[in-house]
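These notes are about the structure you will find just below.
Chain naming here is simple, since letters A, B, ... match the order of the sequence lines and numbering starts at 1 in each. All of these numbers come straight from a predicted model, not from anything done at the bench. Values reported hereafter were calculated over all heavy atoms of this structure, with side chains retained and with hydrogens, waters and symmetry mates removed.
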2 protein chains.
Amino acid sequence: MGAASKESIKTQKGELTRALILKAALEIFHERGYEETTMRSIAKHAGVSLGNAYYYFGSKEHLIQAFYHLTHEQHLAALATLPKGTTFKARLLTVIKLKMTTLQPYHEFAGVLFKTAANPQSPLNPFGSDSDPVRRASIDVFKDLVESANVRIPKDLKAELPYLLWLYHMGIVLFWIHDSSPKQRRTYRLIDTTVDLLDKLISLASNPLMRPVRKRALRLIEELREAANDVGGESLAV
Amino acid sequence: MGAASKESIKTQKGELTRALILKAALEIFHERGYEETTMRSIAKHAGVSLGNAYYYFGSKEHLIQAFYHLTHEQHLAALATLPKGTTFKARLLTVIKLKMTTLQPYHEFAGVLFKTAANPQSPLNPFGSDSDPVRRASIDVFKDLVESANVRIPKDLKAELPYLLWLYHMGIVLFWIHDSSPKQRRTYRLIDTTVDLLDKLISLASNPLMRPVRKRALRLIEELREAANDVGGESLAV
DNA sequence: CAAGAGTTTTGAACACGTTCAAGTATCAAT
DNA sequence: ATTGATACTTGAACGTGTTCAAAACTCTTG
């Protein structure tokens, strides 16, 4: 949780400056929205020069990436305090709801997270490559969840389940962004409904009788994911 | 098919200029990609001034919108020659494959279509409002398909099916964009597999025994879509 | 302390999307 | 023909994201 995502920062002062800029950015994003916020205003608000902002964040989009990383770590921190012993369903419910709670303060501009979600480079792309560390970390949350759960799930399903749950969670976030009901109650209701549904579906799919159907579905999913992983493409690193 | 999407164009010469600019844009997009193409180069290539390009296309993104509209009309034109009498499955297969054939020439830069797909304004957004004419036209293709098919599908499912098929088709397009296999063979294989699956699924869901399950699933889908339709928001019109 | 090797910071400069006030073309009505 | 209205066209100007060469800082080593 301590390490900054930029390995190229060498001094303590540097880390501080970086944090200052990110903080300023989030504040102005919150006030004015992403598009309306200029890099100049961020730099000014942070008390640094324009060029300095670019020294730490290679582009305006990198600020979003950093934002996503930040909320991910907050999510992890929130999860750390969680008891491990409960049922799969209860844990899934908590993981998802904590995710939303973490994002809550940024509801107004969280939409930018998806701005580039269809871009092959983006870690949020459903068909994106697993090589991206941000994406991996994000899916790992669900990997832990699946592994720590005391349910019997067939190996084949267990292998794909983290990705599938991650995908489900992305769908929820997308819905949440559009959700203009007070306090996003609608989203929370949707989570209750769908987690219940998912839990039942997983139980059903784990039944030995369902093996052929499950196999076929998983083969399809695998094929879907496969296509993406042989794309070259530069990552968003500076 | 004849009417240009810009109602404000009054003269024949105007239509010509507009077409010229769009043609130039698509050519340079094809050569250099969307981001690398400047509005200045488009104007130059079309033999008009920069300001003139903006007279017909309010922004660079409007060019994408126009591009989408163009391929949609090409798709419609291709569909018009189709016999109506075949099975639902055969028709769905053809509709989807024709869509891909229509998009084929633009595979290299079609990714920009999804650039804004998560934006609430975008007609391609899964949770977007049905009020957008582009989106409506796009879904209407599947509405026609469902209605012209001589299969017995329960009313409740029939109502949602066009949207669901549209969503499915968007997924295929998204996959296709990432598909770097020669001639996008992978996508065509995927279409074969999934259309077969969908057809079976629809048959299954239409079975009276499945009524309760179907009802529950449809209620969920309805809830998903509902949330989007009470968002205000300006459209992308000039 | 001085020199030197990083590391961080600066602000001017550039290219591009977009806006707009002013100009030109077209054509119907007098 | 002249006028006036409407549609179209122009290019200069603005703001913004981004780049980069040079300056300033920091810290180790002699």
Side-chain angles (χ1 to χ4, degrees), chain A residues 4-22 24-25 28-29 31-67 112 115-116 119 121 234 236-238, chain B residues 3-22 24-25 28-29 31-67 109 112 115-116 119 121 234 236-238:
Chain A
S5 53
K6 277 278 142 302
E7 329 73 11
S8 42
I9 298 177
K10 298 290 166 65
T11 71
Q12 224 175 329
K13 192 175 163 236
E15 299 245 5
L16 191 75
T17 307
R18 194 192 117 98
L20 222 59
I21 295 167
L22 183 54
I28 312 189
F29 285 164
E31 268 179 46
R32 301 229 190 296
Y34 178 74
E35 306 290 353
E36 302 306 312
T37 302
T38 70
M39 289 298 283
R40 281 166 181 80
S41 71
I42 292 170
K44 196 171 179 182
H45 198 70
V48 301
S49 73
L50 177 59
N52 205 8
Y54 276 95
Y55 181 78
Y56 290 103
F57 302 93
S59 75
K60 202 175 168 186
E61 242 185 81
H62 278 79
L63 283 164
I64 300 177
Q65 187 117 193
F67 158 61
V112 292
K115 213 181 74 100
T116 56
N119 174 326
Q121 319 274 314
E234 286 277 298
L236 244 180
V238 178
Chain B
S5 52
K6 278 275 144 304
E7 328 73 11
S8 42
I9 298 178
K10 299 290 166 66
T11 71
Q12 226 174 328
K13 191 174 163 236
E15 300 246 4
L16 191 75
T17 307
R18 194 192 117 99
L20 224 59
I21 294 168
L22 183 54
I28 314 189
F29 286 164
E31 269 179 45
R32 301 227 192 297
Y34 178 75
E35 305 291 352
E36 302 306 310
T37 302
T38 70
M39 289 298 281
R40 281 166 181 79
S41 72
I42 292 170
K44 196 171 180 181
H45 196 71
V48 300
S49 72
L50 177 60
N52 205 7
Y54 276 94
Y55 181 76
Y56 290 103
F57 302 93
S59 74
K60 202 176 170 185
E61 242 184 82
H62 278 79
L63 282 164
I64 301 178
Q65 187 117 190
F67 158 62
F109 78 91
V112 291
K115 214 180 71 99
T116 55
N119 174 323
Q121 316 276 315
E234 284 277 298
L236 244 181
V238 178

So, is B/Asn52 close to the D/dC8 phosphate, meaning a side-chain N or O under 4.0 Å from OP1 or OP2? no

Is B/Thr11 close enough to D/dC8 that one of its side-chain N or O atoms is under 4.0 Å from OP1 or OP2 there? yes

Derivation and outcome, ring-ring contact (aromatic ring centres under 6.0 Å, His included), residues B/Phe109 and B/Phe67: CA-CA 11 Å; B/Phe109 78 91; B/Phe67 158 62; 5.2 Å; yes

Looking only at heavy atoms, what is the nearest atom pair of B/Ala43 and B/Ala53, with distance? CB-CB, 4.5 Å

Rounded to whole Å, the CZ-P distance (B/Phe57 to D/dC8) equals 13 Å

Counting distance only, does the side-chain N/O of B/Lys60 pair as donor-acceptor with the main-chain N or O of B/Tyr34 below 3.5 Å? yes

Let me know which of A/Leu20, A/Val48, A/Thr17 forms a side chain to side chain contact (heavy atoms under 4.5 Å, CB included) with A/Tyr56. A/Thr17

Think B/Thr17 has a side-chain N or O under 4.0 angstrom from the OP1 or OP2 of D/dT9? yes

Does B/Tyr55 have a side-chain nitrogen or oxygen under 4.0 Å from the phosphate oxygens OP1 or OP2 of D/dT9? no

Between P on D/dT18 and CD1 on A/Ile42, what's the gap in Å once rounded to a whole number? 10 Å

To the nearest angstrom, how far is B/Leu16 atom CG from D/dA7 atom C1'? 15 Å

Looking only at non-hydrogen atoms, find the nearest pair between A/Asn52 and A/Ile21 and report the distance. O-CD1, 4.0 Å

What is the separation between atom CD1 on A/Ile9 and atom P on C/dG6, rounded to the nearest whole Å? 19 Å

Treating A/Lys44 as the side-chain partner and A/Met39 as the backbone partner, does any N or O pair qualify as donor plus acceptor under 3.5 Å? no

Any chance you could list the contact pattern along nucleotides 16-26 of chain C? Use B for base contacts, S for sugar-phosphate-only contacts and - for none, protein heavy atoms under 4.0 Å, 5' to 3'. BBBB-------

Can you check the A/Arg32 CZ to D/dT16 P distance for me, whole Å? 11 Å

